[in-house]
Asker: 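I am attaching a structure below and will ask some questions about it afterwards.
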Amino acid sequence: MKALFRIFMACAAIALIGFMFFNTPRENEPLKGPNANSNIIPKTELTQPEMGAMPRPKSGMSTLIGKEIKVVSDKYGEPVRKEPSSFGYDWWIYNASPSKFFMVGVENNVVTQVYLAGEDLDASPFKVGQKRDDIYRMTIIDYEVTANVGENIFSFSMSEEDMQTRLLVKFDGLFAQLYLDRETSELQGIRFTNSKTLVLHQPYEMTYQGELVIPTPPSSFLQKEINEASAAQLDDLINVARVQHDLSPLNIDESIEKVANMHSEDMKVQNFVGHESPTNGDLKKRLETQEIEYSEANENLATDYFDAIEAMHGWLNSSEHRKIILNDLYTTVGSGVFLNYYTQILLESSSQELDSENKDSEEPVENIDESSP
């Protein structure tokens, strides 16, 4: 009898735990970007490496670097958005289709960089979806890559992790950052950039000789616009990634964006990185405060990435964050950025909300009086 009572009590405890955790957002550890530990080391003597650069591509979107922005607008039309960055250039966003998604960096009406992740775009000599082994066979790869800005010399050193997921390739007067998928070994996206922009970003451990190139800090008003721009780019990038993996894109919800933005700012102001705010609580409480209904929710957090592109590729190469991004149950997303604190919340809509949407989408049926002549 006592044994049966113990079994009953154990089952009751399991049921209670299940009830307590039902509809509770699952959490994963925040991701810290490689820029957090990148060293910037001045040197009095820095020599150019013996290995030379590859010939600059003669076709493809890399040829836009250094050209007037009018060349881009004449060929691709006006962008969907024009947004500021923390580095003095503006982003032109072309997001009409995930298969043709790209971003163009523009400074003084000149193209300084191009990021592309659309599979239907010409990324010569590379291609989105290309395997890492194929890239290594066709490309000169070195642990150290040197860039020149005027008479100043900058040398970037790649870690073992970078060599697997974030390659830097040097061409004549041009650089390519190759963002690789750790799990599939496929090329997710490519950033073509000039030397000055590469140095401004400082994406790898760097030594330099001469004068350090640094961006001018933006005003508080401009920084607010930059934060909003980075959040919008995260929304674009997650949908590009999902379509690349044969998943449906997510709907963007302004109320969720508000929750995400508040949490990013909260992390900076209160000096913590985590899912539970000392004042606003965990994700479940933050969503309930804004009266947001859902069946399931989760969020990805990151800090110390220099832009949204780097943050998204960091999440995609972290198994726990990747599972959230590529979860086919989620239908809605909202992103928030404050300086270099990134929050992205994904929800599965509640059954009640879905029923309401289905009713709203039903077309009214006209009453026809068949007895009329």
Side-chain angles (χ1 to χ4, degrees), residues 28 30-35 79-87 90-98 101-105 115-118 166 177 179 181 188-189 191 201 203 223-245 247-268 273 275 283 286 297-318 320-327 330-347:
N28 57 308
L31 193 65
K32 204 162 190 177
N35 298 81
V80 175
R81 302 192 309 270
K82 293 180 182 179
E83 300 170 334
S85 77
S86 301
F87 301 96
D90 290 333
W91 279 118
W92 284 30
I93 312 296
Y94 291 83
N95 68 351
S97 166
F101 177 83
F102 68 100
M103 300 165 55
V104 180
Y115 171 80
L116 58 100
R166 212 169 51 122
Q177 276 187 277
Y179 295 98
D181 188 315
Q188 295 174 325
R191 188 198 305 250
H201 290 166
Q223 185 61 58
K224 184 176 184 296
E225 291 187 343
I226 294 168
N227 295 340
E228 293 171 354
S230 297
Q233 291 161 23
L234 284 180
D235 292 334
D236 288 332
L237 291 164
I238 190 174
N239 280 335
V240 171
R242 286 175 65 89
V243 170
Q244 283 182 351
H245 290 83
L247 296 173
S248 299
L250 302 171
N251 299 315
I252 300 166
D253 188 289
E254 290 185 3
S255 59
I256 304 173
E257 300 254 297
K258 181 180 179 181
V259 176
N261 182 66
M262 289 173 60
H263 191 64
S264 288
E265 183 172 356
D266 199 23
M267 286 192 291
K268 171 61 178 176
V273 181
H275 295 278
L283 177 57
R286 287 183 271 125
N298 216 322
E299 69 181 353
N300 282 334
L301 304 178
T303 187
D304 293 318
Y305 288 94
F306 67 80
D307 68 5
I309 295 169
E310 290 270 326
M312 180 55 64
H313 285 288
W315 282 332
L316 284 166
N317 276 320
S318 168
E320 291 303 313
H321 300 83
R322 180 192 184 93
K323 288 176 185 176
I324 296 171
I325 291 172
L326 302 182
N327 189 328
Y330 293 132
T331 57
T332 311
V333 68
S335 303
V337 178
F338 189 82
L339 299 176
N340 63 348
Y341 289 80
Y342 301 85
T343 302
Q344 190 166 66
I345 300 172
L346 292 84
L347 302 183

Asker: Determine, for R191 against D307, whether the closest basic-nitrogen to carboxylate-oxygen distance falls under 4.0 angstrom.
Answerer: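 D307 and R191: salt-bridged.
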Asker: What are the two closest non-hydrogen atoms of T343 and S264, and how far apart are they?
Answerer: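 Nearest pair, atom of T343 first, then S264: OG1-OG, 2.8 Å.
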Asker: Hey, is the main chain of V259 close enough, under 3.5 Å, to the side chain of H263 for a donor-acceptor pair?
Answerer: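 Not a single qualifying donor-acceptor pair exists.
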Asker: Taking C-beta and beyond as the side chain, do N300 and L31 meet within less than 4.5 Å on heavy atoms?
Answerer: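 Sidechains of L31 and N300: no contact.
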Asker: So, Q344 side chain and A302 main chain: donor-acceptor pair closer than 3.5 Å or not?
Answerer: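 No: the side chain of Q344 does not pair with the backbone of A302.
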Asker: Donor-acceptor pair, T303 side chain versus Y341 backbone, under 3.5 Å?
Answerer: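 Judged by distance alone, no pair lies under 3.5 Å.
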Asker: Which value, rounded to the nearest 0.5 Å, describes the distance between N239 atom CG and N95 atom CG?
Answerer: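 Separation between the atoms: 9.5 Å.
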Asker: Flag the pair T332 / I256 as yes when at least one side-chain heavy-atom distance between them is below 4.5 Å, and no otherwise.
Answerer: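 The answer is yes, as the side chains (C-beta and beyond) meet within the 4.5 Å cut-off.
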Asker: Anything under 30° is parallel, anything over 60° is perpendicular, the rest tilted; go ahead and classify H321 against W315.
Answerer: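 The rings of H321 and W315 lie parallel, inter-plane angle below 30°.
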Asker: Could you walk me through whether N227 and Q223 pass side-chain hydrogen bond (donor to acceptor under 3.5 Å, both in side chains), step by step?
Answerer: CA-CA 6 Å; N227 295 340; Q223 185 61 58; 2.9 Å; yes
Asker: Mind checking the CG-CD spacing from D304 to E310? Nearest 0.5 Å is all I need.
Answerer: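 If we round to the nearest 0.5 Å, D304:CG and E310:CD are 12.0 Å apart.
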Asker: Salt bridge between D253 and K258, side-chain N to carboxylate O under 4.0 Å?
Answerer: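 No, no charged N to carboxylate O under 4.0 Å.
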Asker: Look at D266 together with R286 and state whether they make a salt bridge at an N to O cut-off of under 4.0 Å.
Answerer: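 Between R286 and D266 there is no salt bridge, as every charged N stays at least 4.0 Å from the carboxylate O atoms.
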Asker: For E228, which residues count as a salt bridge (charged side-chain N to carboxylate O under 4.0 Å, His left out) partner, sequence neighbours excluded?
Answerer: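 With sequence neighbours excluded, E228 shows a salt bridge (charged side-chain N to carboxylate O under 4.0 Å, His left out) to K224, given in chain and number order.
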Asker: Restricting to ring pair (Phe, Tyr, Trp, His ring centres under 6.0 Å), what partner residues turn up for F102, sequence neighbours left out?
Answerer: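 So F102 forms a ring pair (Phe, Tyr, Trp, His ring centres under 6.0 Å) with Y76, Y94.
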Asker: Has E299 got a side-chain atom pairing as donor or acceptor with L346's backbone, closer than 3.5 angstrom?
Answerer: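 Pair absent, no side-chain N/O of E299 close to backbone of L346.
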Asker: Hey, can you tell me if F87 and F306 have their rings parallel, tilted or perpendicular (30° and 60° cut-offs)?
Answerer: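 If you compare the ring of F87 with that of F306, the planes turn out perpendicular.
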Asker: So, does R81 use its side chain to make a donor-acceptor pair with the main chain of W91 at under 3.5 Å?
Answerer: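 Such a contact is absent between R81 side chain and W91 backbone.
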Asker: Once rounded to the nearest 0.5 Å, what's the spacing between atom OH of Y330 and atom CD1 of I324?
Answerer: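 So the gap between those two atoms works out to 6.0 Å.
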Asker: Fit a plane to each ring of H313 and Y179, take the angle between them on a 0 to 90° scale, and name the class: parallel (under 30°), tilted (30 to 60°) or perpendicular (over 60°).
Answerer: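 It falls in the parallel class, under 30°.
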Asker: Distance from F338 atom CZ to K268 atom NZ, nearest 0.5 Å?
Answerer: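 So the gap between those two atoms works out to 7.5 Å.
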Asker: Measure across I345 and L283 and return the closest heavy-atom pair with its distance rounded to 0.1 Å.
Answerer: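 I345 and L283 have their closest heavy atoms at CD1-CD1, 3.9 Å.
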Asker: Which heavy-atom pair separates N327 from R242 by the least distance, and what is that distance?
Answerer: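 Looking at all heavy atoms of both residues, the shortest contact is O-NH1, 3.0 Å.
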Asker: Under the salt bridge (charged side-chain N to carboxylate O under 4.0 Å, His left out) rule, collect the residues that match up with K323, sequence neighbours excluded.
Answerer: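 Here the qualifying residues are E320.
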